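Since this is a predicted model, take the numbers as computed values, not measurements.
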Amino acid sequence: MIFEKRTERIFLAIFFLIALCIPLFLEDNSFFVGKATTILILAVFVMSLDFLVGRVGLVTLGHALFYGLGGYLFVILTPEYEAVNFWVYAVYILAISALIALVVGVVVLRTSGIYFIMITLAISQMAYYFFFDSLEFGGNDGLFIFMKPETSIFGLNFLNLDNPTHFYYLSLLAVLVTLLAIKITLRSRFGRIVEASRLNPERTEALGYNIFAFRLISYIIGSTLAAYAGLLFALQYGYVNPQFMTWEMSGTALVMSILGGMGTIYGAILGTITYEGLQYSFEHLSEDWMLLMGGAIILMVLLLRKGLAGYLEKLLEK
Amino acid sequence: MSTELIFVQLVNGIQYGLLLFLIASGLTLVFGVMGILNLAHGSMYMVGAYLVWYFVSITGSFTLSALLSAVIALGLGILIERVLIQRLYNRNHLDQVLLTIGMIFVFNSLQSILWGNDPYGVAVPDTLGGSVPFTDNSSYPIYRIFAALICIAIAAALYFVVSKTRLGMLIRAGESNREMVEALGVNIKSLYTIVFAIGVMLAAVSGIIAAPMRSIVPGMGESVLITCFVVVVIGGMGSIKGAFVGALLVGVISTFAAVLMPSMSNMIIYIFMILVLLVKPQGLFAK
Amino acid sequence: MSRIKTLAGAVLATTLTAGLSTTTVAAAGETVKVGLMLPFSGIYAQLGEAGRDGLKLALKEHAEQLHGTKIEYIELDTEAKPSRAPELASSLLNQHEADFVIGPVHSGVAMGMIKMLRGKDTIMIIPNAGSAAATGPLCSPNVFRTSFSSWQPSYPMGKVALEKGYKKVYAISWNYGMGRESLDAFAESFEAGGGEIVEKVLLPFPSTNFQSHVSDIADENPDAVFTFFAGGGAIKFVKDYDAMGLRGKIPLLGSGFLTEGTLQAQGEAAEGVMTGLHYAEQLDVPKNQAFREAFNTEYGHYPDIYAVQGYDAGQAIANTIGELNGDISDKKAVISTMEKLTIDSPRGEFTFSRAHNPIQNIYLREVKDGVNVVQSVAAAALEDPARGCKL
């Protein structure tokens, strides 16, 4: 069983049950289908960050670089007025993202701790300025994706991305695949060495493992997953903007994953839903929603020692 | 570029760098002693600027307002440390990051509630108004020279306190060995409170000094935060000397980049930082 | 104080409702839903609030035109973040089914909104963002603008510079849509008349480290400087320009936002700055005086340009509802009615161009004793060329 904890199994069962049913009660064009889709996409992004920060021990403030890249790569690679095949291009985009992550990773992984935070931040800010300043990529206005890709596999077409409910299920599938991919990675021999090198780098090194290589591969996995989330986010509304790769975006994701319970992976889903839910409620309540949001974050840090997942575990594990 | 213009830009760069040092010094001090990464440091800079603007609009006196604001900032620092930060000392560093992000939200919101969202400016105090002739076409404002001198004075004072006084000794000891400081019979809790409050006050004082030279607007805290981190990281986290050198380097480099290649000037400091970290992964003056 | 009360209420409401969606009070008779997508927090918050206040004042003043229809407002904070724009626009479109959407301030957000709202039944009225694309290549029957295109305030300034006898101009702005488009518009008329841009500098947005550029200007010694900056950047630039001793030596020209809502903060440093804009606070138009007093009575302070633009968005809605006798169910009729309106704006009357951008006067103003004093009409009934618009 790759889900070791009881809490985890209970939460995920309830989550997927509800998530599967949500569209049944809503119209296709309902705002809430769109909102729920965005939350799912963000959850993929936050899970990929949680993997890096909580499990591999790479605290990055530049993760949004790949989130933004996913969308921009799609705009750059595809012709403007022709529907391309989603799966084919997803593979291209993820391959290019992995390659970029490899190059970036070789540079940033030479540092650690706070210096790693800053160097990842620096690289994502540079990418942000590159797109912000470039006329050919729409500058600060960003770019539109005019044609949504089609999704046929071997001539079978069961998903229509123009239909919000279909898009929702595509995003839910992304959550499931990401969750399984991370969990299986962590359970493997590879994953155990990665975790060992977070907990005790010297000893892992002494056992003859090349920590750098293990971290690099993990960084590529996390970054590629983030790019997939970014691709979905860009396609949902057909729009990319350099702001998607700012450090604020990375920071928000970090907040979501710490809130959820660092390193628990399923906590990332919980954190994303909680953060987005709180923000939505506060915004509709008061113009000064930021004060409520800030207060809620501070309270949760003070009260919850290991995030929301930690709290749930205290209730449910015996 | 003529030699004259190079000289002018060098002066501009040093002046900017000195101000950057003042903002960054508090950040590096707090990190060095307490190991806390205070993302709300920029908010304290904002608080300083807004406070001095507010008091000047009431009292009309810049000096009085500056003193009042600095004292309030010190009090605010003590309060934040005692009520919030103290509870997180034996927690994960990321919890501290999350806490300080929550504080950014709160301070931005309070700024909007208390002072509104209009942009404000503080007039240069009369005694420091005027300027000295500089080149054929331009002059240099006395206030900016004064601001640079204040920054140098504070840098010197910090150096003196850290290297020559009992408090400084404790600070240096606290960086390397918490238990030893405790063993000396010093209450480490009070030491932390003092250091954090000084850090907050340094940020606020930078805001106060910068107020007459810049615009006081929502979001001004976040805009200095990242530059400030770049400075501290280039110098080596926790090193005051490093922050000083880092600030001057960033100040001068970004000033020249802004003129020579304006379209690249935002990237330049990041590129510089990455180069520094590739050669010295712990910054220039790593401990 | 009242805001603190609202806050307390909000906290209470959170605990009670655990935060569901907005509670909608069902109104008797027809209800027109007006969605606002403006920044109420962050750097642009003041612009968002001013636009909202102006809008609400207009709809309140024109209550008798509304034929008993009730106005329901839905206010969403964009935080000036483009990433949230499509989602919020979708909320107004699908969740609240707004008849009119007012927003935004920020042009990146405008793109996200237009993506959602283009070609839909909901009418979108832009009360600020000047991005050329919105009434250019992306123009749409249901998208209107009551503010300006970035081209409008800057284009006439080229002619002004030539008339003043300036031959060599140093142009400086931020490297983003509004900045680039402003400098290009200035250069278009200035170079056509034989002027020369000796240097064109585009700084990374939103950097306000201007001192080195001011030194560079002093070294270059042009006949004049043309610039677009707004808000905090405008304050900082004008102050640096003065502090380095250039005020009074090299004339400073700009797109009007350089001295809008910033004069108090700029103080004496702004004296003598000449700018072009579609409005001036002291504009001698009867409607302007009436508006300013009404606004002050309502909100306790005088309005700025952003309030005027919001006010005119409100007037556009009220006049349209009035002409249609309160029946706005036929969206084609709503669009064609709005297209033909003449808005009695505090800036002087204006009509909409084929691309739905105001055809309006641009005034040349000069700062004297802390006020933008109108010198002349730099361009009368100026229409944006709407390049790329197929309407």
Side-chain angles (χ1 to χ4, degrees), chain A residues 53-54 59 61 106-130 132-134 246-248 251-252 254-259 262-263 271 279 282 286-307, chain B residues 31 35 37 39-40 43 80 83-84 87-88 90-113 222 225-226 229-234 236-238 262-283 286:
Chain A
V53 178
V59 184
L61 256 185
V106 167
V107 177
V108 296
L109 283 166
R110 295 169 57 103
T111 60
S112 61
I114 174 96
Y115 300 95
F116 182 80
I117 298 183
M118 285 307 296
I119 203 164
T120 48
L121 181 143
I123 288 177
S124 78
Q125 285 295 94
M126 282 165 58
Y128 163 71
Y129 288 125
F130 172 76
F132 191 98
D133 292 345
S134 70
T246 51
W247 75 272
E248 285 93 343
T252 309
L254 196 61
V255 169
M256 290 174 181
S257 81
I258 306 172
L259 266 189
M262 205 77 242
Q279 178 165 355
F282 289 155
S286 162
E287 199 176 303
D288 300 303
W289 65 272
M290 269 197 169
L291 185 63
L292 302 174
M293 196 72 204
I297 292 175
I298 291 175
L299 267 184
M300 284 193 272
V301 190
L302 293 180
L303 298 177
L304 307 170
R305 287 191 80 87
K306 286 188 174 141
Chain B
F31 183 84
L37 192 59
L39 289 181
S43 302
I80 293 173
V83 177
L84 299 174
R87 290 168 204 274
L88 294 187
N90 36 29
R91 294 269 286 272
N92 188 315
H93 279 311
L94 285 172
D95 283 350
Q96 298 163 357
V97 168
L98 187 56
L99 177 81
T100 53
I101 289 180
M103 279 161 55
I104 295 179
F105 278 85
V106 170
F107 279 108
N108 280 343
S109 193
L110 287 177
Q111 163 262 311
S112 152
I113 292 171
E222 283 89 286
L225 181 68
I226 298 293
F229 269 104
V230 169
V231 162
V232 168
V233 161
I234 288 175
M237 282 302 286
S263 60
M264 286 281 287
S265 61
N266 262 8
M267 281 198 203
I268 284 292
I269 58 164
Y270 294 117
I271 294 173
F272 179 63
M273 185 184 89
I274 291 169
L275 290 178
V276 168
L277 289 185
L278 286 181
V279 180
K280 291 203 142 199
Q282 307 278 303

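- Within the 4.5 angstrom heavy-atom criterion, atoms from both the backbone and the side chain of Phe130(A) approach chain B.
- When each of Met300(A), Glu248(A), Gln125(A), Met293(A) is checked for heavy-atom pairs under 4.5 Å with chain B, Gln125(A) comes out on top.
- Of the two parts of Leu37(B), only the side chain, counted from C-beta on, holds a non-hydrogen atom closer than 4.5 Å to a non-hydrogen atom of chain A.
- The minimum heavy-atom distance linking Ile258(A) with Leu94(B) is given by the pair CD1-O, 3.5 Å.
- Between chain B and the residues Ile114(A), Ile117(A), Leu259(A), Asp133(A), the most heavy-atom pairs under 4.5 angstrom are made by Ile114(A).
- In this structure, Tyr270(B) contributes its side chain and Leu121(A) its backbone to no donor-acceptor pair below 3.5 Å.
- Looking only at side-chain heavy atoms (C-beta outward), Met256(A) and Thr252(A) come within less than 4.5 Å of each other.
- Only the side chain of Leu88(B) comes within less than 4.5 Å of a heavy atom of chain A; its backbone N, CA, C and O stay farther away.
- For a residue to count as touching a neighbouring chain, one of its non-hydrogen atoms must lie under 4.5 Å from one of that chain's; by this rule Phe107(B) does not touch chain A.
- Under a 3.5 Å cut-off, the side chain of Tyr115(A) and the backbone N or O of Gln282(B) do form a donor-acceptor pair.
- Both the backbone and the side chain of Leu98(B) come within contact range of chain A, with heavy atoms under 4.5 Å apart.
- For the pair Thr111(A) (side chain) and Val108(A) (backbone), a donor-acceptor distance under 3.5 Å is present.
- With a threshold of 4.5 angstrom between heavy atoms, Asp95(B) approaches chain A through its backbone and through its side chain.
- With a 4.5 angstrom heavy-atom cutoff, Ile104(B) does not touch chain A via any of its atoms.
- Nearest heavy-atom pair across Ile297(A) and Gly102(B) is CG2-CA, 4.0 Å.
- For the atom pair Ile234(B) CD1 and Phe229(B) CZ, the distance stands at 13.5 Å (nearest 0.5 Å).
- Residues Arg110(A) and Leu277(B) are not in side-chain contact: their nearest non-hydrogen atoms beyond the backbone lie 4.5 Å or more apart.
- Note: Asn266(B) leads Ile274(B), Asn266(B), Leu39(B), Leu110(B) in heavy-atom pairs under 4.5 Å with chain A.
- Your options are Met273(B), Arg87(B), Arg91(B), Met264(B), and the one with the most heavy-atom pairs under 4.5 Å with chain A is Arg91(B).
- If you measure heavy-atom distances from Leu225(B) to chain A, the contacts under 4.5 Å come from the side chain alone.
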